[in-house]
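Below: the structure, in structure tokens.
Atoms within each ligand, like the ligands themselves, are counted from 1 in listed order.
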Amino acid sequence: MSDEPMNLTIDALMTERRTYPPSPTFAAQANAQPDSYTTDADTFWETEGRNRLSWFKPFDTLREWELPYAKWYLGGQLNACYNCVDRHVEAGLGDKVAYYWEGEPVDDRKTITYADLQHMVVKAANGFKSLGMTKDSHVGVYLGMVPEAVVTMLALARIGAAFTLVFGGFSAESLSGRLNDMQCQFLITQDGAWRRGKVIDLKGTADAAMADAPSVTACVVLKRGGNEVPMTDGRDHWWHDLVDPQSSDPASCPCEPMDSEDLLFLMYSSGTTGKPKGVMHTTAGYLAGTSTTHHYVFDIKPETVYWCAADIGWITGHSYIVFGPLVNATTSVMYEGTPDFPDKDRWWEIIERYKVTVLYTAPTAVRTHMKWGPEYAQKHDLSSLVLIGSVGEPINPEAWIWYRDHIGGGRTPVVDTWWQTETGMILITPLPGLSTLKPGSASRPFPGIEAAVLDENGHEVPPGTGAGYLVIKNPWPAMLRGLYHDDDRFKETYWSRFPGVYMAGDGARVDADGDFWLMGRIDDVMNVSGHRLSTIEIESALVDHPEVAEAAVTARNDAITGQAVVAYVTLKGGKDGSPEKAKELRDHVAKVIGAIAKPANIVFTPELPKTRSGKIMRRLLRDVAENRTLGDTTTLADPTVVSEIQARAQVEADKEG
Ligand code: WT7
């Protein structure tokens, strides 16, 4: 963790003092009522666990807490797929729409009811089983936003096979790293994925990854892009050959009874070292936590048409496109492509078409639409919206207000929800109908959650005073159960800085009303477009290039993406950089990690600023990246290095215009 003072720039947010009290009409019908906050945590989660989930065998112990390990709903048995699909069909909801799916190519649409979903899942599960997949299998999934991604997750849950779904933008190396770490025997992927009118070759990336992941012995390939792909005999199977002929009768493939604490999936996430962490989520607590928060935070009603516009490859997609909404028998929208294809009003067209009532997206998307201008939204009738949400990074008040005025029609509540891959579920959020909203504040801990802000010495910072480290003091159902095969890192990362509490890695302050203001990461982790990237991971990718001697990566604020990656690079043999070399290095980072990690700027420098003990002074590099007056440079081994870098960064900035 960084020993430098945390970045307080988001303090500026607090100058915005407008508040939005709940409307009485919304409050009267809201799922969250004043007693939601007052029920004690154990009673709350006990009731939600019993009522919201269906159990093959009821749990007998609510929770066990042996710091830092929590277990929830012990003694219970259930199945995630049964809770998401089968029981809804059995309860007579077979004709209810589960997903309005829309492909990126226009007019490519599917309406998938809960009965359809059950048939698709049963067929897929039977197909997977015919390859030898069992409850003990580990499965990698590398799919885009196709219905089969949801179907695959549910089919694996039905069988009881733990999976890791890897975001389609990740590179072959990132994919093989995850397949190897989890020792996956199977990979489910697709030929190509649509993105901005073009087909991206996923199978090619999957092939390159499998070449480095010998544990994978069978691969299922969904035809989607129609691009030509090589199929390896004995290993690769077309989805349609394998799945289409299977029985769709649920009795042909019963839901495997799983223990509450059985692993459901791993989600790999960037941390402060080069190696992504395998965040573990188990069955019952995860389902209870995601569905309960989904119900209250988004005020889900039987008639809700809900759209979480995230990608399924991130935790937001797992928790709030798939498991949370399906447990609640919600009707969702799922969209395959980019917001600007064929034009910049695609999202608003979708909202109008399906009469979406709840929209959940990220600040970076809001700022992008803001940049494009409100005229795209104005072309469409968005009056169906009753609530809009935000997640991924602090939302600046300007974007919050734009979002509410131009998308929410100046009328809907905005829920700014704080959570993480590790927390699995929303932990700090307004409750619509109850909370007085403040643009820029994520409001208060969800019922049953105890959050606090601590100073350097672990003392609680009193509300209305200063900033500090955000911690969670008690266990919650969807919390991570550890890092896969890496207990030491689990304890070190989250539980060592302040004994007895979970340290989130975010700076925060609590105002005099008790509302939380999140201020960004306090460690060497950046947040680009709502996704976590580690500085060290990108530095390693740069140094991996044969011509790079040394690299330091930092973030600067960016109007659209929140933060942008700035890399300072020293080439071997004192060589000078060039725009061509910069492009080559950017492409190299994309190859090693994925395009999301590409540096926005690369500054070539003959030397990096270091302390006499050889530590790179990241604080100075951040100041340079932000164009700030430099702090103390007296501890530098060679103070002239910084002015040189500043001059070069300036040239770089002029070029970018
Ligand atoms: C980090 C977690 C959880 C889904 C998306 C990202 C930042 C997330 C907010 C918010 C301020 C936020 C934090 C957190 N973050 N939501 N509403 N306000 N910051 O998941 O990749 O695990 O990243 O995102 O810094 O630690 P993730």
Side-chain angles (χ1 to χ4, degrees), residues 1 6-7 9-11 13-14 167 169-170 266-272 276-279 281 289-290 293-294 297 308-321 324 360-366 388-397 399-400 403 414-430 435 437-446 451 453 467 469-472 478-480 483 493-494 502-509 515-534 537 555 561-563 594 596-597:
M1 189 165 123
M6 63 178 80
N7 169 6
T9 49
I10 299 183
D11 251 13
L13 294 183
M14 299 204 52
F167 171 60
F170 274 124
L266 299 182
M267 170 63 70
Y268 286 87
S269 179
S270 293
T272 51
K277 310 176 279 199
V279 173
H281 285 294
T290 53
T293 45
H294 181 253
V297 175
C308 167
D311 193 281
I312 203 161
W314 307 107
I315 192 69
T316 310
H318 285 49
S319 299
Y320 296 109
I321 295 177
Y360 190 31
T361 185
T364 184
V366 174
I388 57 180
S390 166
V391 60
E393 56 175 309
I395 180 163
N396 39 310
W400 193 106
Y403 189 30
V414 178
V415 290
D416 173 6
T417 63
W418 179 90
W419 58 294
Q420 307 177 295
T421 301
E422 291 87 342
T423 69
M425 62 185 242
I426 294 166
L427 289 193
I428 302 179
T429 178
S435 310
L437 306 171
K438 300 174 186 170
S441 164
S443 210
R444 286 164 59 181
F446 188 77
V453 170
Y469 300 83
L470 176 68
V471 300
I472 311 295
M479 73 191 284
L480 78 167
L483 297 178
T493 308
Y494 309 102
Y502 171 84
M503 187 187 72
D506 280 17
R509 64 193 305 161
D515 285 316
F516 284 67
W517 298 73
L518 281 307
M519 304 190 320
R521 301 289 306 180
I522 49 169
D523 49 19
D524 291 328
V525 173
M526 298 168 286
N527 190 321
V528 179
S529 297
H531 299 302
R532 258 196 288 174
L533 295 169
S534 101
E537 216 176 338
T561 58
Q563 292 193 306
I596 36 161

Exercise for review: Output the set of protein residues with a heavy-atom contact under 4.0 Å to ligand 1, ordered first by chain identifier and then by residue number.
Suggested key: I315, T316, V391, G392, E393, P394, D416, T417, W418, W419, Q420, T421, D506, L518, R521, N527, G530, R532

**Study point:** side-chain contact (heavy atoms from CB on, under 4.5 Å), paired with L470, selected from I522, I428, L427
**Key:** I428

Review point. Do any N or O atoms from the side chain of E422 and from the backbone of L480 form a donor-acceptor pair under 3.5 angstrom?
Key: no

Exercise for review: Please determine, by modelled atom types, if Y360 and T316 share a side-chain donor-acceptor pair under 3.5 angstrom.
Suggested key: no

**Study point:** Reported CH2-to-OG1 distance for the pair W419 and T290, which is rounded to 0.5 angstrom
**Key:** 8.5 Å

**Study point:** Sequence-distant partners of T429, side chain to side chain donor-acceptor pair (under 3.5 Å), two or more places apart
**Key:** none

Point to revise | Distance-only side-chain donor-acceptor flag, Y320 / T293, under 3.5 Å | key: yes

